[in-house]
Amino acid sequence: MRTLIAPGRHRAGYYVALAVTTVVLTAIFVVPLVWVVLSAMKPAVELARVPPTVLPRTWTPGTYAEAWDLMDLGRYFLNTIVVAVGVWAVQLAVDVPAAYALSRLKPVLGKGILGMMLLTLMMPAAVLLVPTYLTISDLGLLNNPLALWLLGAANAFTVFLLKRFFDQLPAEVLEAARIDGAGQFTLLWRIVLPLSRPILAVVSIFAVVAAWKDFIWPLLVFSDPARQTLSVALQRFAPDTPVNLLLAGLVLSSVPMIGLFLVFQRHVLAGLTAGSVKG
């Protein structure tokens, strides 16, 4: 593999460039997160100070508990979990069989079907908001989690990732199972899914994170404040809530997704690289 600075000839320069790049990229992602966490523990008066302070002069860690109680975040956490888990389950239930069919059953015009699915990724999401909202409204699904579950069911990107992974599975294993009398459902459930745990972890995290941070569609669907998700509820509280409490709410809403990635990061990296090389 060639790089701008080859490790063989310019070993010192290579490691310096690698270290600098790593530090810069880490700072880009970590510094804003640390800044928000620390800012939430400052009094509102200190947050408005110019120039801003890096570390709080007056530490108020109780801001997080106050924000939890003031904005009733427990209710909105539960609403968001219901939405995210439902989107994840429905998406896998639809996209896994679809990807398996396109990969292994080789349907007529399968490539054309996959191509039309991928074309939907090029359509701006805003274009679909009005017709989708009218459809959901006609079905009577407003203020119902089903509106979000059904919208996330067919995801072209997820189908594409799964199909690419299924294409790389060893045909000999599947053929041996067929010889033993396994049907298509048995092949999918007993052979393909256990071998596909890395990519299933990747698409699962993508689905949960997308549902967790979604704002526009939950804003349109959930007009009842008691049913809103975290992203919508925090926006609703923003005008009348002190800044430090709002920042604390934002930090608390981010913790589950950060923890999810840290727990499954090995599976995510394995899934993103699995199937990239045949053999």
Residues 129-148 vs side-chain hydrogen bond (donor to acceptor under 3.5 Å, both in side chains), sequence neighbours excluded, gives N143-S223
Find the distance between CZ (F160) and CG (L162) and round it off to the nearest 0.5 Å. 11.0 Å
Do W217 and L129 come close enough that some side-chain heavy atom pair is under 4.5 Å? yes
I want to check something: taking the side chain as every heavy atom from C-beta on, are L151 and V87 in contact at a cut-off of under 4.5 Å? no
Test applied, side-chain contact (heavy atoms from CB on, under 4.5 Å); reference residue, V24; option that passes from V20, T26, T22, T21: V20
Heavy atoms of L70 and L245 approach each other most closely as CD2-CD1, 3.5 Å
Through direct or indirect side-chain contacts below 4.5 angstrom among Ile, Leu, Val, Met, Phe, Trp and Tyr, which residues connect to M123? L128
Can you name the salt bridge (Lys or Arg N to Asp or Glu O under 4.0 Å) partners of R75, sequence neighbours left out? D72
As a quick check of understanding, evaluate side chain to side chain contact (heavy atoms under 4.5 Å, CB included) for T53 and L38, giving each step before the final call. CA-CA 10 Å; T53 57; L38 294 177; over 6 Å; no
Does atom CH2 of W189 have more than 12 heavy-atom neighbours from other groups under 6.0 Å away? no
Tell me who clusters with V108, hydrophobic residues only, linked when side chains sit under 4.5 Å apart either directly or through other members. L109
Find out whether L148 and P218 are in side-chain contact, i.e. whether some heavy atom of one side chain is under 4.5 Å from a heavy atom of the other. yes
Heavy-atom check, side chain of F206 versus side chain of T158, under 4.5 Å: no
Please report the closest heavy-atom contact between L73 and L230, naming both atoms and the distance. CD2-CD2, 4.0 Å
List the steps and the verdict of side chain to side chain contact (heavy atoms under 4.5 Å, CB included) for V83 and F222. CA-CA 11 Å; V83 168; F222 294 126; 4.2 Å; yes
Can you list every pair that meets side-chain hydrogen bond (donor to acceptor under 3.5 Å, both in side chains) and has a residue in residues 61-70, with sequence neighbours left out? T60-T63
CA sep, side-chain torsions, deciding dist, call: W149, V85, side chain to side chain contact (heavy atoms under 4.5 Å, CB included): CA-CA 9 Å; W149 298 354; V85 171; over 6 Å; no
Heavy-atom closest contact (V96 atom, F166 atom, distance): O-CE1, 3.8 Å
Under the side chain to side chain contact (heavy atoms under 4.5 Å, CB included) rule, what do T229 and V232 come out as? Steps first, then yes or no, please. CA-CA 6 Å; T229 58; V232 179; 3.7 Å; yes
Residues in side-chain contact (heavy atoms from CB on, under 4.5 Å) contact with S39, at least two apart in sequence or another chain: W35, K42, L47, L247
Can you name the residues that form a salt bridge (Lys or Arg N to Asp or Glu O under 4.0 Å) with E46, not counting sequence neighbours? none
List for me each residue that meets side-chain contact (heavy atoms from CB on, under 4.5 Å) alongside A153, sequence neighbours excluded, and say none if there are none. V90, V94
CE (M41) and OG1 (T58) are apart, to the nearest 0.5 Å, by 12.5 Å
Which residues pass the salt bridge (Lys or Arg N to Asp or Glu O under 4.0 Å) test with D224, sequence neighbours left out? R227
Check which hydrophobic residues are tied to L119 through side-chain heavy-atom contacts below 4.5 Å, counting indirect links as well, and list them. M122
V203 side chain near F165 side chain, heavy-atom distance below 4.5 Å: no
Can you list the residues that meet the salt bridge (Lys or Arg N to Asp or Glu O under 4.0 Å) rule with R190, with sequence neighbours excluded? none
side-chain hydrogen bond (donor to acceptor under 3.5 Å, both in side chains) contacts touching residues 240-254 (sequence neighbours left out): none
Can you check whether D214's main-chain N or O pairs, donor with acceptor, with S231's side chain at less than 3.5 Å? yes
